[in-house]
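Accompanying notes for the structure given below.
All heavy atoms count here, side chains included; hydrogens, waters and symmetry mates do not.
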Amino acid sequence: MAPRQRLPFRRLVLLLVASTALACSVLAGGAVASVVETLGVRRHFGSPKRNTTGQHGAGGRRGGGSARSGLASCNMFQGSWVYDDSLPMYDTAGCPFVEAEFDCQKYGRPDKLYLKYRWRPSSCELPRFNGLDFLSKWRGKKILFVGDSISLNQWESLACMLHAAAPSSRTTYSRGTPFSTVTFQDYGVSVAYYRSTYLVDIVDESIGRVLKLDSISGDAWLGADMLIFNTWHWWTHTGRDQPWDFVQDGGQVMKDMDRLSAFSKGMSTWARWVDSNVDTSKTRVYFQGISPTHYNGVDWGEGSRSCAQQTQPVAGSAYPAGPVPAQSAVRSAIAGMSKPVFLLDITLLSQLRRDGHPSGYSGGHPGNDCSHWCLAGVPDAWNQILYASFLA
């Protein structure tokens, strides 16, 4: 049974993006604001009807009160982290979908305070995540995350949040490359992940592996009812860490090029692909935004420190280092689209969480991992906002 339709998604996107633009203008000036305002001009999307039971927690906790009435005018991405003793929403020991690289408690992280922070926007209170409501709204539907290991992070988070809400629901789980899937059989809800580090293609040719900035082979992504895209971290990889030998921009093949420029071109290709291939009257499309790293304490005023041994978020609602340049490329690509896309602008709220990374407590990444996120943790807030976006 398809989700029930309610107010047009256009109104949601117009108001949310406009409020995001206001925050962006403070950080990056009016030029960014005008780009984001352009994003909302042609948006129209049906949204599932909200649940009115008042249950917002994964385990039926109450929270948010009348917050839903203010969500449509709320900037969900500007705010601060507050202590919440009801968190976390799940225990990784009871979630069969969390891999070693994100399971910080299993691999010896001694502190637990990082599990207790909830994202609170300045202009509203987000509703508690209600996993049963989420599953009911998307009954019989397919949700697909497409991107790199940050998408993997968010996919595993959502799978755990839903499993905690419906622990007795029969599930099937398959982990592979490029596809991985968790299916909640009692609801017919499939939550899948497709690994695509650049979104654009890498093709083996006679000269070697070529990163093609103007080509996407995305047929495997079609047919989903919700698509959540992500890319960025691999665009900065060099040397042995990069999985290509040449980069092709149109008819020009180069050994390398400015990575931010290459990313911008890749994002434009992705935007054209969505416009040409995705029926947004049937598929809701999101872009995750840029997930920050915390390798350099200078970014938050602590000199040479990294994420290691950090136990609390950066205080307040502003990050000293300012916005991530790649986020402007994301906004520009989305602004030129004819199809409705919701930007999960997770950058600022994640920048404030210097304490949320595995650091040395990862079973999958030796060394100091200040790139991925512990589960439970920061990606749970991303999924709470994802949930709130179709309640407003």
Side-chain angles (χ1 to χ4, degrees), residues 15-28 32-33 36 56-57 61-89 111-129 153-154 157 161 288-294 296-302 305-307 309-324 327 343-357 370 373-389 391-392:
L15 291 170
L16 282 177
V17 172
S19 59
T20 303
L22 178 60
C24 291
S25 65
V26 173
L27 294 172
V32 173
V36 180
H56 302 294
R61 302 185 192 98
R62 290 187 179 271
S66 60
R68 290 182 176 185
S69 62
L71 284 178
S73 59
C74 173
N75 178 0
M76 298 184 192
F77 310 110
Q78 184 72 33
S80 59
W81 291 91
V82 297
Y83 180 84
D84 187 337
D85 195 49
S86 70
L87 297 176
M89 287 183 278
D111 62 303
K112 294 186 177 182
L113 186 60
Y114 73 95
L115 297 168
K116 297 291 187 178
Y117 285 102
R118 171 173 55 85
W119 176 247
R120 184 171 67 188
S122 300
S123 54
C124 70
E125 190 76 22
L126 290 177
R128 291 282 188 177
F129 182 85
N153 231 173
Q154 188 176 2
S157 164
M161 292 165 78
Q288 185 195 64
I290 303 300
S291 176
T293 63
H294 290 92
N296 189 354
V298 172
D299 290 345
W300 63 88
E302 285 194 340
R305 294 191 66 186
S306 71
C307 72
Q309 283 79 55
Q310 298 287 347
T311 60
Q312 297 182 45
V314 175
S317 58
Y319 192 65
V324 177
Q327 194 76 334
L343 175 59
L344 287 171
D345 197 354
I346 63 168
T347 303
L348 174 60
L349 66 94
S350 305
Q351 282 178 318
L352 297 174
R353 290 305 303 274
R354 60 188 176 186
D355 61 317
H357 299 283
C370 297
W373 302 93
C374 294
L375 294 179
V378 173
D380 303 340
W382 305 346
N383 286 319
Q384 185 183 8
I385 293 173
L386 178 70
Y387 173 66
S389 74
L391 288 181

Is the shortest heavy-atom distance from the side chain of [X] to the side chain of [Y] under 4.5 Å?
X	Y	answer
Thr311	Tyr114	no
Leu391	Pro127	yes
Pro121	Leu126	yes
Met76	Asp345	no

Backbone of [Y] reached by a side-chain donor or acceptor of [X] within 3.5 Å:
X	Y	result
Gln288	Leu344	no
Asn383	Asp380	no
Ser157	Asn153	no
Gln310	Ser306	yes
Ser123	Asn75	yes
Gln327	Ile290	yes
His357	Cys374	no

Which atom names give the shortest non-hydrogen contact between [X] and [Y], and what distance separates them?
X	Y	value
Asp355	Arg353	OD1-NE, 2.8 Å
Leu87	Leu115	CB-O, 3.4 Å
Ser350	His294	O-CE1, 3.3 Å

Fill in: Electrostatic pair Lys116:Asp84 at N-O distance under 4.0 angstrom
no
Worksheet entry | Sole candidate of Trp382, Phe77, Trp81, Phe129 that passes ring pair (Phe, Tyr, Trp, His ring centres under 6.0 Å) when paired with Trp119 | Trp81
Worksheet item: Rounded to the nearest 0.5 Å, how far apart are CD of Gln154 and CG of Leu375?
Response: 10.5 Å
Discussion item. What's the separation between atom CD in Gln309 and atom CG in Asp111, rounded to the nearest 0.5 Å?
Written reply: 9.0 Å
Worksheet entry | Partner residues of Trp373 under the side-chain hydrogen bond (donor to acceptor under 3.5 Å, both in side chains) criterion, sequence neighbours left out | Ser291
Worksheet, complete the sentence: Across all chains, not counting sequence neighbours, the side-chain contact (heavy atoms from CB on, under 4.5 Å) partners of Val82 are Ser80, Arg118, Arg120
Item to complete: Mind checking side-chain contact (heavy atoms from CB on, under 4.5 Å) for Gln312 and listing every partner two or more places apart, or none if nothing turns up?
Response: Leu113, Tyr117
Practice prompt. Evaluate the side-chain contact (heavy atoms from CB on, under 4.5 Å) criterion for residues Trp300 and Gln351: first the C-alpha distance (whole Å), next the side-chain angles of each, then the deciding distance (0.1 Å), finally the verdict.
Written response: CA-CA 9 Å; Trp300 63 88; Gln351 282 178 318; over 6 Å; no
Worksheet item: Only one of Asp299, Val314, Thr293 forms a side chain to side chain contact (heavy atoms under 4.5 Å, CB included) with Arg354, so which one is it?
Response: Val314
Discussion item. Side chains of Gln78 and Ser122: any donor to acceptor distance under 3.5 Å?
Written reply: no
